[in-house]
Amino acid sequence: MSEGDIHTKTEEAADIAKTAPKLDTGYTFTDDPWIRWRNTWRFVTGGLTEEGVKQYREGRDARMEASDCKRCEEKRDYLLQYSPIVRFMNQKISALGGNLHSGNIMCVRCTEARSGGLDPNYGIQLCANRPEPLEDTLAHGE
């Protein structure tokens, strides 16, 4: 096959890709507030395909990562100081020689459906972009 044949095949593939029907997931990637509102409405009312729901969640998580992590860190700090169950668990861990603090309980953006977990390198991880109650996750993670 010559270089000209390869170039022709590449052009044919590009033409087919342009004319192939696009899968309409119901979700539109944009920063336009009106389109984002429309995406949210479609998400709430079930107007998105499975792929559209996935795209909606990924876009929302990426857009809200900084504020989600800040809110998670504030809740984490509050729970470490005032939550009876978290304080009890922390006292028991301290009695065994452990040391839990905001430096080894991290708020991160999670891509999979979970509320948190244990990372051997960083300690307890809380998923900032998930709606599960942090107190339950933190008490379970400890």
Side-chain angles (χ1 to χ4, degrees), residues 1 3 5-142:
M1 193 180 274
E3 189 174 315
D5 291 338
I6 293 173
H7 184 66
T8 303
K9 296 286 184 189
T10 305
E11 288 175 347
E12 288 174 11
D15 289 339
I16 292 171
K18 287 178 189 173
T19 59
K22 302 263 185 199
L23 175 63
D24 182 19
T25 64
Y27 180 80
T28 306
F29 292 99
T30 184
D31 282 333
D32 180 346
W34 171 251
I35 303 296
R36 284 188 10 220
W37 183 89
R38 186 181 69 187
N39 287 335
T40 300
W41 178 254
R42 287 179 175 171
F43 174 76
V44 170
T45 61
L48 299 176
T49 64
E50 253 182 70
E51 182 64 24
V53 168
K54 181 180 174 190
Q55 292 170 344
Y56 173 83
R57 288 185 173 145
E58 288 172 355
R60 183 252 171 232
D61 288 348
R63 210 173 39 257
M64 303 297 287
E65 182 174 8
S67 63
D68 285 347
C69 285
K70 183 176 188 258
R71 181 178 29 86
C72 175
E73 290 166 355
E74 290 169 355
K75 286 182 179 180
R76 172 204 62 202
D77 294 343
Y78 177 86
L79 291 171
L80 284 169
Q81 189 171 2
Y82 298 110
S83 167
I85 186 71
V86 174
R87 289 179 61 203
F88 174 79
M89 297 290 285
N90 199 2
Q91 288 171 355
K92 297 303 176 186
I93 289 172
S94 293
L96 295 171
N99 182 17
L100 289 179
H101 51 82
S102 60
N104 58 11
I105 302 173
M106 302 177 61
C107 291
V108 296
R109 179 176 158 230
C110 298
T111 55
E112 57 276 343
R114 63 187 183 113
S115 57
L118 182 64
D119 184 301
N121 297 321
Y122 301 108
I124 297 171
Q125 289 187 335
L126 302 173
C127 293
N129 56 325
R130 298 291 178 244
E132 291 82 6
L134 284 183
E135 185 173 36
D136 295 344
T137 305
L138 193 53
H140 184 267
E142 292 181 347

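Note: hydrogens, waters and symmetry copies are ignored here, and every other heavy atom, side chains too, is used.
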Notebook entry, point to check: If you look at every heavy atom in R71 and D68, which pair is closest and at what distance?
Noted result: NH2-OD1, 2.7 Å
Check: Are any of the side-chain heavy atoms of E58 and D61 separated by less than 4.5 Å?
Finding: no
Notebook entry, point to check: Does N129 reach the side chain of R60, with side-chain heavy atoms less than 4.5 Å apart?
Noted result: yes
Note to self: Working to the nearest 0.5 angstrom, can you tell me the gap between T49 OG1 and R42 CZ?
What the structure shows: 10.5 Å
Next item on the list: Determine the interplanar angle of the Y82 and Y78 rings, folded into 0 to 90°, and report it as parallel if under 30°, tilted if 30 to 60°, perpendicular if over 60°.
Entry: tilted
Item checked: Residues which pass disulfide bond (SG atoms under 2.5 Å apart) with C72, listed by chain and number, not counting sequence neighbours -> C107
Item checked: Close side-chain approach of E135 and V86, heavy atoms under 4.5 Å -> yes
Check: Roughly how far, to the nearest 0.5 Å, is the CH2 atom of W41 from the CG atom of L48?
Finding: 12.5 Å
Next item on the list: Find out whether R76 and S102 are in side-chain contact, i.e. whether some heavy atom of one side chain is under 4.5 Å from a heavy atom of the other.
Entry: yes
Next item on the list: Using only heavy-atom distances, determine whether the side chains of Y56 and T40 contain a donor-acceptor pair under 3.5 Å.
Entry: yes
Next item on the list: Scan E51, K54, Q55 and name whichever one has a side-chain hydrogen bond (donor to acceptor under 3.5 Å, both in side chains) with T25.
Entry: Q55
Next item on the list: Check the surroundings of atom CZ in R57: do more than 12 heavy atoms from other residues, nucleotides or ligands lie under 6.0 Å from it?
Entry: no
Margin query: Quick one, K70 with E74, criterion salt bridge (Lys or Arg N to Asp or Glu O under 4.0 Å). Give me CA distance, side-chain angles, the key distance, then yes/no.
Written below: CA-CA 6 Å; K70 183 176 188 258; E74 290 169 355; 3.2 Å; yes
Next item on the list: Evaluate the criterion side-chain contact (heavy atoms from CB on, under 4.5 Å) for residue pair N90 and R87; output intermediate values, then yes/no.
Entry: CA-CA 5 Å; N90 199 2; R87 289 179 61 203; 5.5 Å; no
Next item on the list: Grab the two heavy atoms, one from I85 and one from A139, that are nearest each other, plus how far apart they are.
Entry: CG1-CB, 4.0 Å
Check: In Å and rounded to the nearest 0.5 Å, what is the CG to OG distance from L126 to S115?
Finding: 8.0 Å
Notebook entry, point to check: What's the spacing between L80 CG and L138 CG if we round to 0.5 Å?
Noted result: 6.0 Å
Item checked: Contacts of type side-chain hydrogen bond (donor to acceptor under 3.5 Å, both in side chains), residue T28, not counting sequence neighbours -> R38
Next item on the list: Please examine the side chains of D119 and V108, heavy atoms only from C-beta on, and report whether any two atoms are closer than 4.5 Å.
Entry: no
